[in-house]
Student: 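Dropping the structure in here first, questions after.
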Amino acid sequence: LALASGAPAAWAIAPPGQWWNTSYSQRIRVSVTTTTSIVTGYSVDAVLNHASLVAAGKSLASGNDVRVVYWNGAAWVELDRVLDTASSWNNATTTLWFKTQAAIGTNTFDDNYYIYYGNSAAGAPPANADNVFLMFDDFNGAALDGTKWTVPTGSVSVAGGLLTVNANSTVWATAAYSLATGTRWEARLRLSIANPATLYYWGGSDVNGQTGSYFSFRSDGANHRAYEHPNGGGTSTSTAAVTNTTTLQTYQIDRIGNAQLDF
């Protein structure tokens, strides 16, 4: 994403002089630029030097006044925006995520997105990650979210923002999150047990899987492995040797197509 300095006069298709909310004194225009086409509802991120805005007295250190707004051609729409789990407010590389409101073609852009800020009285912003991502869980509760996950084998625990999958245990995404190919999955994981543990992110036509195309992510005591299980059986495997078992490692898994997994 490209960020450009804001000004009171509106750009793009917003009528001249249009301003979303006069309680917010500043804004930055965001241009979502593509190399391949993306659909409506695609999750995108923007990097903001929030520390410089806070130092200049233009934004709250809490980030409560940082809002993402879209001009749809007739009206302003405030969007849910969430802070990247590996990022922080009052940082030179504060990273926000939000969802696109219109499809964008190949090698083009949509510059009708704006980041507004500069409201010292701003309350809590809309920041529901379920409205930004197809599936999201930061495990900040005290138990596993049963609407998103089920544990058919073994046991798990949730504490301190971490899901611990115990030895010889499996966790499946529920049927509500049976998402197809053409999706990207990102997780921070740590290998900490000697026995296999498995997360099945997409389970085909039944919750506990193995009747349709699905993929899994597991540990085997030395490696993290991603498996694609195409409909009709068989697997394709990608392996990442784990050299650091004390800190969380970030992985991105792309389900490109049936039996195609980029890890």
Side-chain angles (χ1 to χ4, degrees), residues 1-7 10-14 18-21 23-54 58-106 108-119 122-138 140 148 177 179 182-188 250 252 254:
L1 300 183
L3 303 184
S5 296
W11 292 300
I13 58 174
Q18 182 69 260
W19 197 263
W20 167 61
N21 187 329
S23 295
Y24 295 78
S25 62
Q26 308 288 325
R27 75 177 178 189
I28 298 171
R29 183 175 60 164
V30 178
S31 180
V32 180
T33 304
T34 66
T35 54
T36 59
S37 62
I38 61 175
V39 298
T40 302
Y42 191 86
S43 303
V44 296
D45 66 324
V47 178
L48 175 71
N49 188 344
H50 188 236
S52 68
L53 302 181
V54 174
K58 295 180 178 180
S59 184
L60 299 174
S62 67
N64 277 356
D65 62 323
V66 178
R67 307 301 177 95
V68 176
V69 184
Y70 181 71
W71 176 256
N72 66 10
W76 294 103
V77 181
E78 185 176 8
L79 309 180
D80 284 270
R81 92 292 181 276
V82 296
L83 184 68
D84 189 277
T85 55
S87 184
S88 63
W89 295 109
N90 197 13
N91 191 285
T93 56
T94 296
T95 302
L96 303 175
W97 287 88
F98 58 93
K99 183 177 286 187
T100 60
Q101 302 300 295
I104 307 174
T106 301
T108 186
F109 62 90
D110 185 344
D111 59 1
N112 295 306
Y113 296 89
Y114 297 80
I115 294 177
Y116 276 79
Y117 59 98
N119 179 0
N128 185 346
D130 289 327
N131 294 331
V132 177
F133 302 103
L134 293 174
M135 184 182 189
F136 178 86
D137 200 337
D138 56 7
N140 275 333
K148 295 179 178 179
Y177 295 93
L179 305 173
T183 53
R184 168 173 288 180
W185 299 76
E186 182 173 299
R188 291 193 299 150
T250 299
Q252 285 184 341
D254 291 339

Student: Please confirm whether the backbone N or O of Ser88 pairs with a side-chain atom of His50, one donor and one acceptor, at under 3.5 Å?
Tutor: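 Not at all, since once roles are kept as given, no pair shorter than 3.5 Å links the two residues.
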Student: Do other residues, nucleotides or ligands put more than 12 heavy atoms under 6.0 Å from the NZ atom of Lys58?
Tutor: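 Incorrect, the count does not exceed 12.
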Student: Under 3.5 Å, is there a donor-acceptor pair between the side chain of Ser31 and the main chain of Thr33?
Tutor: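 No, because the side chain of Ser31 does not come within donor-acceptor range (under 3.5 Å) of the backbone of Thr33.
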Student: With sequence neighbours excluded, tell me which residues meet side chain to side chain contact (heavy atoms under 4.5 Å, CB included) with Thr40.
Tutor: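 Ala103.
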Student: I need the Leu79 CG to Leu96 CG distance, nearest 0.5 Å.
Tutor: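 Between Leu79 CG and Leu96 CG, I get 11.5 Å after rounding to 0.5 Å.
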Student: Hey, does the side chain of Ser25 reach the backbone of Gly118 with a donor-acceptor pair shorter than 3.5 angstrom?
Tutor: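 At least one qualifying donor-acceptor pair exists.
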Student: Under the criterion side-chain contact (heavy atoms from CB on, under 4.5 Å), I'd like the reasoning laid out for Val66 against Leu48: C-alpha separation, chi angles, the key distance, then a yes or no.
Tutor: CA-CA 10 Å; Val66 178; Leu48 175 71; 4.3 Å; yes
Student: Measure the spacing between CG of Leu60 and CG of Asp65 and express it to the nearest 0.5 Å.
Tutor: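 With rounding to 0.5 Å, CG (Leu60) is 4.0 Å from CG (Asp65).
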Student: What pair of heavy atoms forms the shortest contact from Ala92 to Ala51, and how long is it?
Tutor: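 Taking every non-hydrogen atom into account, N-CB, 3.8 Å.
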Student: Provide the closest heavy-atom pair for Thr93 versus Val47 in the form atom of the first, atom of the second, distance.
Tutor: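 So the two residues come closest at CA-CG1, 3.8 Å.
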Student: Would you say Asp80's side chain and Asn128's backbone share a donor-acceptor pair under 3.5 angstrom?
Tutor: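 Yes: the side chain of Asp80 pairs with the backbone of Asn128.
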Student: Tell me the closest heavy-atom pair linking Gly123 and Arg67, and the distance in Å.
Tutor: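 Of all heavy-atom pairs spanning Gly123 and Arg67, the closest is O-NH2, 2.9 Å.
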Student: Trp76 and ring-ring contact (aromatic ring centres under 6.0 Å, His included): which partner among Tyr24, Trp19, Tyr70, Tyr114?
Tutor: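 Answer to the ring-ring contact (aromatic ring centres under 6.0 Å, His included) test with Trp76 among Tyr24, Trp19, Tyr70, Tyr114: Tyr114.
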Student: Applying side-chain contact (heavy atoms from CB on, under 4.5 Å) between Trp97 and each of Leu83, Val44, Val68, Asp45, report the one that passes.
Tutor: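 The option that passes is Asp45.
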Student: Can you measure from CG (Leu53) to CD (Gln26) and round to the nearest 0.5 angstrom?
Tutor: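 Rounded to the nearest 0.5 Å, the CG-CD separation comes out at 8.5 Å.
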Student: For a quick test of reading the model, state the closest non-hydrogen atom pair linking Ser23 to Asn119 and the distance between them.
Tutor: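 So the minimum-distance heavy-atom pair works out to O-CB, 3.2 Å.
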Student: Between Arg27 and Trp20 (side chain of the first, backbone of the second, donor and acceptor by atom type, cut-off under 3.5 Å), is there such a pair?
Tutor: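 Such a contact is absent between Arg27 side chain and Trp20 backbone.
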Student: Find out whether Pro125 and Arg81 are in side-chain contact, i.e. whether some heavy atom of one side chain is under 4.5 Å from a heavy atom of the other.
Tutor: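 The answer is yes, as the side chains (C-beta and beyond) meet within the 4.5 Å cut-off.
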Student: Are side-chain heavy atoms of Thr35 and Thr106 found at a separation under 4.5 Å?
Tutor: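 Side-chain contact under 4.5 Å: no.
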Student: Would the distance check show the side chain of Thr34 and the main-chain N or O of Thr108 forming a donor-acceptor pair, the cut-off being under 3.5 Å?
Tutor: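 Answer holds: yes.
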Student: Identify, with sequence neighbours excluded, every residue that meets side chain to side chain contact (heavy atoms under 4.5 Å, CB included) alongside Phe136.
Tutor: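 Checked Phe136 against side chain to side chain contact (heavy atoms under 4.5 Å, CB included); matches are Thr85, Ala129, Asp130, Phe133, Asp138.
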Student: Using atom types as modelled and distance alone, determine if a side-chain donor or acceptor of Thr100 lies under 3.5 Å from a backbone N or O of Tyr42.
Tutor: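 Here the side-chain-to-backbone pair exists.
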Student: Taking Gln101 for the side chain and Lys99 for the main chain, is one N or O donor matched with an acceptor at less than 3.5 Å?
Tutor: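 Between the backbone of Lys99 and the side chain of Gln101 there is a qualifying donor-acceptor contact (under 3.5 Å).
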Student: Tell me whether Arg184 is salt-bridged to Asp254, with the criterion being a basic N under 4.0 Å from an acidic carboxylate O.
Tutor: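 Judged by the 4.0 Å cut-off on N to carboxylate O distance, Arg184 and Asp254 do form a salt bridge.
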Student: Tell me whether the centres of the aromatic rings in Tyr113 and Phe98 are closer together than 6.0 Å.
Tutor: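 Tyr113 vs Phe98: aromatic centres under 6.0 Å.
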Student: Let me see the working for Val82 and Asn131 under side-chain contact (heavy atoms from CB on, under 4.5 Å), right down to the final yes or no.
Tutor: CA-CA 9 Å; Val82 296; Asn131 294 331; over 6 Å; no
Student: Donor-acceptor check, side chain of Asp110 to backbone of Val32, threshold 3.5 angstrom: yes or no?
Tutor: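 Answer holds: no.
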Student: CH2/Trp185 to CE/Met135 distance, rounded to the nearest 0.5 angstrom?
Tutor: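 Reported to 0.5 Å precision, the distance equals 5.5 Å.
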Student: When you measure from the side chain of Ser87 to the backbone N and O of Thr95, does any donor-acceptor pair fall under 3.5 Å?
Tutor: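 Yes, the answer is positive, given that a donor and an acceptor are paired below the 3.5 Å cut-off.
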Student: Taking all non-hydrogen atoms of both residues, which atom of Phe109 and which atom of Asp111 are closest, and how far apart?
Tutor: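 Here Phe109 and Asp111 meet closest at CE1-OD2, 3.6 Å.
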